[in-house]
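What follows is one structure encoded as structure tokens, with my remarks underneath.
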Amino acid sequence: QVQLVESGGGLVQAGGSLRLSCVASRVTFSTATMGWFRQAPGKEREFVASITWIGGARYHADSVKGRFTISRDNAKNTMYLQMDILKPEDTAVYYCAAGPPSREVQQGVLSRYDYWGQGTQVTVSS
């Protein structure tokens, strides 16, 4: 079993920055791709970004391109999401997830992810 633990959420003013972290208990074939998703109240969970442990291939959703950056530290089994120029519409619970090395996983197909963290709240005030 793989465990994912997020941290770094909080309250920030619009235009500010936050960095989320996700530590994976172990990296295996089934967790070769890591992703960030978010879910705002009353809305469906949506893809934010993904990255592969090997090669570091990255995908970012159009809504966050140019503002958010996903990265990873293989030595620490840790993935990050640097969030800059935050907007009130970025307010959501952010989830870390892991899945196998497939294009669908990289492109953020939610159902293809096998492991999920508990989520961390990000609130952006206007």
Side-chain angles (χ1 to χ4, degrees):
Q1 188 71 9
V2 175
Q3 293 184 334
L4 304 174
V5 179
E6 305 102 330
S7 62
L11 173 64
V12 65
Q13 289 188 330
S17 298
L18 281 175
R19 188 176 81 155
L20 305 183
S21 300
C22 172
V23 180
S25 59
R26 58 195 182 105
V27 175
T28 66
F29 176 83
S30 63
T31 62
T33 304
M34 300 289 292
W36 287 102
F37 290 78
R38 66 185 181 185
Q39 188 166 17
K43 295 187 176 182
E44 294 185 352
R45 192 169 298 188
E46 65 174 1
F47 171 72
V48 175
S50 70
I51 191 166
T52 57
W53 288 115
I54 298 175
R58 308 178 191 192
Y59 285 80
H60 293 83
D62 288 342
S63 59
V64 304
K65 279 182 182 176
R67 300 189 300 121
F68 292 10
T69 303
I70 192 170
S71 63
R72 91 276 193 231
D73 184 335
N74 290 34
K76 297 180 179 180
N77 284 5
T78 301
M79 173 181 67
Y80 304 98
L81 185 68
Q82 177 66 41
M83 305 187 294
D84 298 317
I85 318 175
L86 282 160
K87 305 175 181 179
E89 52 264 42
D90 294 319
T91 295
V93 177
Y94 283 71
Y95 296 91
C96 168
S102 76
R103 183 168 295 276
E104 283 186 320
V105 176
Q106 291 178 19
Q107 294 178 343
V109 177
L110 190 149
S111 61
R112 299 303 185 198
Y113 281 79
D114 298 319
Y115 301 98
W116 293 85
Q118 80 286 354
T120 185
Q121 177 70 47
V122 171
T123 303
V124 184
S125 63
S126 57

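These figures come from a predicted structure and were not determined experimentally.
- Looking at Ser17 and Val12, their side chains never come closer than 4.5 Å, going by heavy atoms from C-beta outward.
- Hydrophobic clustering, with ILVMFWY side chains joined whenever heavy atoms are under 4.5 angstrom apart, keeps Val105 apart from Tyr115.
- Rounded to the nearest 0.5 angstrom, Glu104 CD and Ser111 OG are separated by 7.0 Å.
- The two residues Tyr95 and Glu6 have their closest heavy-atom pair at CA-OE2, 3.3 Å.
- Seen from the ring of Phe37, Arg45 does not count as a face-on cation partner, given the 6.0 Å and 45° thresholds.
- With values rounded to the nearest 0.5 angstrom, Tyr94 atom OH is found 15.0 Å from Ser7 atom OG.
- The NZ atom of Lys43 sits 8.5 Å away from the CD atom of Glu89 when rounded to the nearest 0.5 Å.
- The OG atom of Ser71 lies 8.5 Å from the CG atom of Leu81; values are rounded to the nearest 0.5 Å.
- Between Leu4 and Met34, the closest side-chain pair of non-hydrogen atoms falls below 4.5 Å.
- Not a single side-chain hydrogen bond (donor to acceptor under 3.5 Å, both in side chains) links Asp114 to another residue, sequence neighbours left out.
- Contact check for Leu20 versus Phe68: no side-chain heavy atoms found under the 4.5 Å cut-off.
- Under the side-chain hydrogen bond (donor to acceptor under 3.5 Å, both in side chains) criterion, Gln3 pairs with no residue, sequence neighbours left out.
- Salt-bridge check for Lys65 with Asp62: passed, with a basic side-chain N closer than 4.0 Å to an acidic carboxylate O.
- Taken from OH in Tyr113 to OG1 in Thr33, the straight-line distance is 6.0 Å, to the nearest 0.5 Å.
- Nearest approach of Phe47 to His60, heavy atoms of both residues: CE2-C, 4.4 Å.
- Between the Trp36 side chain and the Met79 main chain, no donor and acceptor come within less than 3.5 Å of each other.
- Summarising the geometry of Arg67 relative to Ile85, their closest heavy-atom pair is NH1-O, 2.9 Å, with the distance given to 0.1 Å.
- Minimum heavy-atom separation, Val2 to Arg26: CG1-O, 3.9 Å.
- Rounding to the nearest 0.5 angstrom, the gap separating the OG atom in Ser126 from the CD atom in Gln13 is 9.5 Å.
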*Go through the steps for Arg38 and Thr91 under the test side chain to side chain contact (heavy atoms under 4.5 Å, CB included), then give the verdict.*
CA-CA 9 Å; Arg38 66 185 181 185; Thr91 295; over 6 Å; no
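- Taking both residues in full, the closest heavy atoms of Ser21 and Thr78 are given as CB-CG2, 4.3 Å, listed atom of the first, atom of the second, then distance.
- At least one donor-acceptor pair closer than 3.5 Å links the side chain of Ser50 to the backbone N or O of Gln106.
- For the pair Gln82 (side chain) and Arg19 (backbone), a donor-acceptor distance under 3.5 Å is absent.
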*Evaluate the side chain to side chain contact (heavy atoms under 4.5 Å, CB included) criterion for residues Val64 and Met83: first the C-alpha distance (whole Å), next the side-chain angles of each, then the deciding distance (0.1 Å), finally the verdict.*
CA-CA 9 Å; Val64 304; Met83 305 187 294; over 6 Å; no
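- Across every non-hydrogen atom of Ala92 and Ala40, the tightest pair is CB-N, 3.8 Å.
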